Amino acid sequence: MDDKFDLFASFELSDTIVESLDKNMSNIFSNHLYGLCLLFIHANEKKNNKIYQKDLEKEFSIKSSTASDILNYLEKENYIVRTTSCNDSRYKELSLTNKANRMIVDIKKIINKTVMTLTKDISEEDKKTFFKVIDKIIENGKKEENYGKHFKV
């Protein structure tokens, strides 16, 4: 068995998913992360969890400046509202507007369509194996000493 892990194939997979999501969401947003962030906020609101910018940074592995740009856009377009936290005035709680809540069903349909397209002709057994391997890679990566720390080249 070959011990090489094709890192470039994993980059290509990531790019394929992002390009497919961007293409399928292009009627709504110029960037798929706008829709994914709304879904993340929505899912947490349903669980009565408070969401802050740092939660988006962690969930999507994005820098603070990127998260800020996303939230500024979503707020400007009236998809989210930021309110000062009762516990700590430095933090702004994120919540969806009615406009965003009306779009959630469409965003879910787009994501489901993307998943169906990308996994077409792949057996359930192969999908299970794939996700088992992905989970193990993520688990191994999180054991690394510098996991989660962004570094500059």
Side-chain angles (χ1 to χ4, degrees), residues 7 10-120 122 124 127-128 130-153:
L7 192 60
S10 67
F11 290 145
E12 186 173 353
L13 172 62
S14 178
D15 288 346
T16 300
I17 293 168
V18 167
E19 286 175 22
S20 187
L21 281 170
D22 278 341
K23 177 184 167 216
N24 291 332
M25 268 196 212
S26 65
N27 290 340
I28 303 173
F29 298 116
S30 60
N31 183 324
H32 70 281
L33 277 175
Y34 298 144
L36 294 180
C37 286
L38 292 179
L39 274 182
F40 179 72
I41 295 167
H42 174 75
N44 280 281
E45 282 185 343
K46 284 178 70 173
K47 298 176 191 172
N48 292 319
N49 293 337
K50 296 181 190 292
I51 297 299
Y52 304 93
Q53 177 175 324
K54 67 176 178 52
D55 299 314
L56 295 179
E57 294 167 13
K58 183 177 179 184
E59 178 69 16
F60 297 106
S61 299
I62 55 178
K63 295 178 185 174
S64 176
S65 58
T66 302
S68 182
D69 289 344
I70 290 169
L71 294 175
N72 287 339
Y73 170 82
L74 293 174
E75 186 174 42
K76 182 180 128 220
E77 296 298 320
N78 195 33
Y79 291 112
I80 65 162
V81 175
R82 294 188 244 200
T83 55
T84 303
S85 170
C86 300
N87 300 329
D88 188 335
S89 62
R90 294 173 296 172
Y91 292 102
K92 305 289 185 207
E93 294 176 16
L94 308 175
S95 56
L96 298 182
T97 63
N98 288 334
K99 178 181 179 181
N101 278 311
R102 288 190 300 270
M103 293 189 66
I104 293 298
V105 170
D106 292 334
I107 294 168
K108 286 180 179 180
K109 285 180 184 175
I110 290 167
I111 290 172
N112 287 336
K113 175 188 173 194
T114 303
V115 169
M116 294 302 289
T117 299
L118 294 176
T119 60
K120 184 179 132 196
I122 300 174
E124 287 303 314
K127 289 177 196 175
K128 286 179 184 175
F130 173 76
F131 286 111
K132 185 176 179 181
V133 170
I134 293 288
D135 289 343
K136 188 63 180 170
I137 290 170
I138 292 169
E139 178 185 323
N140 289 341
K142 286 182 177 181
K143 291 177 184 173
E144 288 291 315
E145 184 178 325
N146 291 320
Y147 175 78
K149 295 180 183 175
H150 296 284
F151 56 90
K152 295 179 183 171
V153 178

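For this chain, numbers begin at 1 and follow the sequence in order. These values consider heavy atoms only, across backbone and side chains, with no hydrogens, waters or symmetry-generated copies. Given the structure is predicted, the values throughout are model-derived calculations rather than measurements.
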*Checking Ser26 side chain against Lys23 main chain: does a donor-acceptor pair fall under 3.5 Å?*
yes
*Can you list the residues that meet the side chain to side chain donor-acceptor pair (under 3.5 Å) rule with Thr114, with sequence neighbours excluded?*
Asn24
_salt bridge (charged side-chain N to carboxylate O under 4.0 Å, His left out) against Glu59, all qualifying residues, sequence neighbours excluded_ = none
_To the nearest 0.5 Å, what is the distance between CG on Leu56 and OG on Ser64?_
10.5 Å
Determine all donor-acceptor pairs shorter than 3.5 Å in which one atom belongs to a side chain in residues 78-87; sequence neighbours excluded.
| from | atom 1 | to | atom 2 | distance (Å) |
| --- | --- | --- | --- | --- |
| Arg82 | NE | Glu75 | OE1 | 3.2 |
| Arg82 | NH2 | Leu71 | O | 3.4 |
| Arg82 | NH2 | Asn72 | OD1 | 2.6 |
| Arg82 | NH2 | Glu75 | OE1 | 3.1 |
| Thr84 | OG1 | Lys92 | NZ | 3.0 |
| Ser85 | OG | Asn87 | N | 3.2 |
| Ser85 | OG | Asp88 | N | 3.4 |

Under 3.5 Å donor-acceptor pairs involving side-chain atoms of residues 131-138, not counting sequence neighbours:
| from | atom 1 | to | atom 2 | distance (Å) |
| --- | --- | --- | --- | --- |
| Lys136 | NZ | Glu139 | OE2 | 3.3 |

*Mind checking what makes salt bridge (charged side-chain N to carboxylate O under 4.0 Å, His left out) contact with Lys50, not counting sequence neighbours?*
Glu93
*Side chain of Thr16, backbone of Glu12: donor and acceptor closer than 3.5 Å?*
yes
_Checking Lys127 now: which residues fulfil side chain to side chain donor-acceptor pair (under 3.5 Å) with it, not counting sequence neighbours?_
Glu124
_Can you list everything that forms a ring-ring contact (aromatic ring centres under 6.0 Å, His included) with Tyr91? Sequence neighbours excluded, please._
Tyr52
Under 3.5 Å, which donor-acceptor pairs link side chains of residues 98-108 to any protein atom two or more places apart or in another chain?
| from | atom 1 | to | atom 2 | distance (Å) |
| --- | --- | --- | --- | --- |
| Lys99 | NZ | Glu77 | O | 2.8 |
| Asn101 | ND2 | Thr97 | O | 3.3 |

All N/O donor-acceptor pairs, side-chain side in residues 34-47, below 3.5 Å, sequence neighbours left out:
| from | atom 1 | to | atom 2 | distance (Å) |
| --- | --- | --- | --- | --- |
| Asn44 | OD1 | Asn49 | ND2 | 3.2 |
| Asn44 | ND2 | Phe40 | O | 2.9 |
| Glu45 | OE2 | Leu96 | N | 2.9 |

*Go through the structure and list residues passing side-chain contact (heavy atoms from CB on, under 4.5 Å) with Asp22, not counting sequence neighbours.*
Val18, Asn31, His32
*Which residues pass the side-chain contact (heavy atoms from CB on, under 4.5 Å) test with Ile17, sequence neighbours left out?*
Leu13, Leu21, Leu118
*Look up atom OG1 in Thr119 and atom CZ in Phe130, then write down how far apart they are to the nearest 0.5 Å.*
10.0 Å
_Side chain proximity check, Ile70 to Ile62, heavy atoms < 4.5 angstrom_ = yes
